[in-house]
**Student:** 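Sharing a structure with you now.
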Amino acid sequence: MTGDLVYGVRLFVPGTAATMAQWQGSLGRSGLTLDGQSLTSETLGFRAQVEWVENDGSFSQAFGHGTMSVEEQCAVVGAGSALILDLPVYLGAAAGEVAMLISALGDAGALGVRLEQSKLGWPVARWIRSLESGDPWMLYRCAVMVLQDRGVSRSCGMHAFGLPDAQVEAPPAEANQLLGSLNVYQLAEDPVLVSGDTFTPDLDTPRRRLERWPDDGYPPGRACHNPFGTWRLGAEGGEADSRGELRPVFIPPLVALLTAAEEKVGRGLRREEVERLTGEGVCMMMTHADAKNLERSRGYADLEPELVWRQWQVLRESRA
């Protein structure tokens, strides 16, 4: 995040151009202007930040998930160099513009595009089809990975859409269905979900209670870290909590409040201190929809006040 802009999408783009000057020339012929560390176009509604990367021999590893043909991977191995693009948008709302950008990059010699939030890389044509399709399942499979670790499955990459990821303890096939259904529901409907709601992919599957937690899979600062957190799906048969029309939104956010307090005292806060600061925090009552929009514009989720001590420990450990 830089200034007031939230950079929601990071792309790794190897290409045939070997130098920054060659990229500038080829991009210019494709209608894009590469000026120093920014990339613009008359047809795009945003300015991308750009970093040039020399080919150090590791580019093929960026496309090692079986998403490209042998010939396409060989071309990436021989790439001249790459660009890393940070876009101040989220994939869902800006799918059309991102498709236009990737198409122009392809015309300029791009050999593939990897979404850094999930580390999924595909040929240019696959990205364009997925972004232009209007099919949330197609876009989900293109942009989001599901990882398994010690019986827990979790998705990775939903923050490129400004949304939380999800995790569940279940057999892999069942977990893939649950996570895919929940995440595609988020992409297709953009529902207002809160901790205490329940979810089921169909009428025959028992409901599971949702609870949002900080992402403990990747440390903050890593592209795969989801600042919007993770939905934890509980056991089968969970019941929903009742919720009112309004919710308290901390200003400043609890994350910022507790971080500043720890920096001031120079040590980790004790439980009673965390709970006291939470109880004394200034709140504004908002509708759940307005709170979600504020969170998305800010670029990260706050802690749940009812779970603040446990969630603060998760966040602190992920920063260590």
Side-chain angles (χ1 to χ4, degrees), residues 1 6-15 48-70 72-77 79 81-87 89-92 95 98-99 101-102 105-106 110-131 137-150 152-167 172 175-176 179-180 183-184 186-187 214-230 299-300 318:
M1 188 164 63
V6 175
Y7 287 83
V9 176
R10 172 170 286 187
L11 304 177
F12 174 77
V13 186
Q49 290 188 338
V50 181
E51 178 185 353
W52 177 83
V53 180
E54 183 180 3
N55 188 347
D56 61 357
S58 66
F59 283 9
S60 65
Q61 299 173 16
F63 298 85
H65 295 288
T67 57
M68 300 182 82
S69 69
V70 173
E72 288 164 337
Q73 277 212 294
C74 287
V76 170
V77 170
S81 63
L83 299 179
I84 297 175
L85 306 179
D86 286 300
L87 315 184
V89 295
Y90 295 119
L91 273 186
V98 177
L101 172 61
I102 291 177
L105 288 166
L111 300 170
V113 176
R114 183 174 77 170
L115 178 66
E116 294 297 89
Q117 276 81 357
S118 64
K119 304 302 183 185
L120 268 180
W122 298 90
V124 167
R126 169 65 184 266
W127 277 111
I128 296 172
R129 286 198 306 272
S130 298
L131 289 163
W137 272 106
M138 187 174 182
L139 186 53
Y140 172 71
R141 294 187 179 106
C142 191
V144 180
M145 290 190 71
V146 174
L147 309 172
Q148 279 92 30
D149 181 30
R150 289 172 290 185
V152 175
S153 296
R154 66 171 69 207
S155 64
C156 177
M158 290 293 289
H159 46 312
F161 300 92
L163 293 165
D165 274 292
Q167 69 176 60
N176 282 337
L179 298 182
N183 286 333
V184 170
Q186 291 191 91
L187 295 183
D215 178 12
D216 61 354
Y218 295 93
R222 292 276 297 276
C224 289
H225 174 79
N226 192 329
F228 299 103
T230 301
Y300 64 92
S318 71

**Student:** Considering all heavy atoms of both residues, which atom of Q73 and which atom of F63 are nearest to each other, and what is their separation?
**Tutor:** NE2-O, 2.5 Å
**Student:** For R126, look at atom CZ and say whether over 12 heavy atoms of other residues, nucleotides or ligands are found less than 6.0 Å away.
**Tutor:** yes
**Student:** How many angstroms lie between CD in E51 and CZ in F12, if you round to the nearest 0.5 Å?
**Tutor:** 10.0 Å
**Student:** Mind checking the CG-CG spacing from L163 to N226? Nearest 0.5 Å is all I need.
**Tutor:** 8.5 Å
**Student:** Just verifying a value: how many Å separate Y218 OH and D165 CG, rounded to the nearest 0.5 Å?
**Tutor:** 9.5 Å
**Student:** Where is the tightest heavy-atom contact between Y140 and V146, given as atom of each residue plus distance?
**Tutor:** OH-CG2, 3.8 Å
**Student:** Measure the shortest side-chain to side-chain distance between Q186 and P164 over non-hydrogen atoms and say whether it is less than 4.5 angstrom.
**Tutor:** yes
**Student:** Is there side-chain contact between S318 and P220, with at least one heavy-atom pair below 4.5 Å?
**Tutor:** yes
**Student:** Might you point out which heavy atoms bring W122 and C142 nearest each other, and give the distance in Å?
**Tutor:** NE1-O, 2.8 Å
**Student:** Provide the closest heavy-atom pair for A48 versus L87 in the form atom of the first, atom of the second, distance.
**Tutor:** CB-CD2, 3.5 Å
**Student:** Any ion pair linking D216 and R154 (charged N to carboxylate O, less than 4.0 Å)?
**Tutor:** yes
**Student:** Grab the two heavy atoms, one from S60 and one from V77, that are nearest each other, plus how far apart they are.
**Tutor:** CB-CG2, 3.4 Å
**Student:** Tell me, with the steps shown, if E72 and S69 meet side-chain hydrogen bond (donor to acceptor under 3.5 Å, both in side chains).
**Tutor:** CA-CA 5 Å; E72 288 164 337; S69 69; 3.2 Å; yes
**Student:** Does some side-chain heavy atom of V144 sit less than 4.5 Å from a side-chain heavy atom of L179?
**Tutor:** no
**Student:** Compare all side-chain heavy atoms of F161 with those of N183 and state whether any distance is below 4.5 angstrom.
**Tutor:** no
**Student:** What pair of heavy atoms forms the shortest contact from F228 to G162, and how long is it?
**Tutor:** CE1-CA, 3.5 Å
**Student:** If you round to the nearest 0.5 Å, how far is CZ of R222 from CD of E116?
**Tutor:** 10.5 Å
**Student:** Are the side chains of L131 and L139 in touch, meaning some heavy atoms are under 4.5 Å apart?
**Tutor:** yes
**Student:** Measure the shortest side-chain to side-chain distance between L83 and W52 over non-hydrogen atoms and say whether it is less than 4.5 angstrom.
**Tutor:** yes
**Student:** Is there a side-chain contact between V9 and D86, using heavy atoms and a 4.5 Å cut-off?
**Tutor:** no
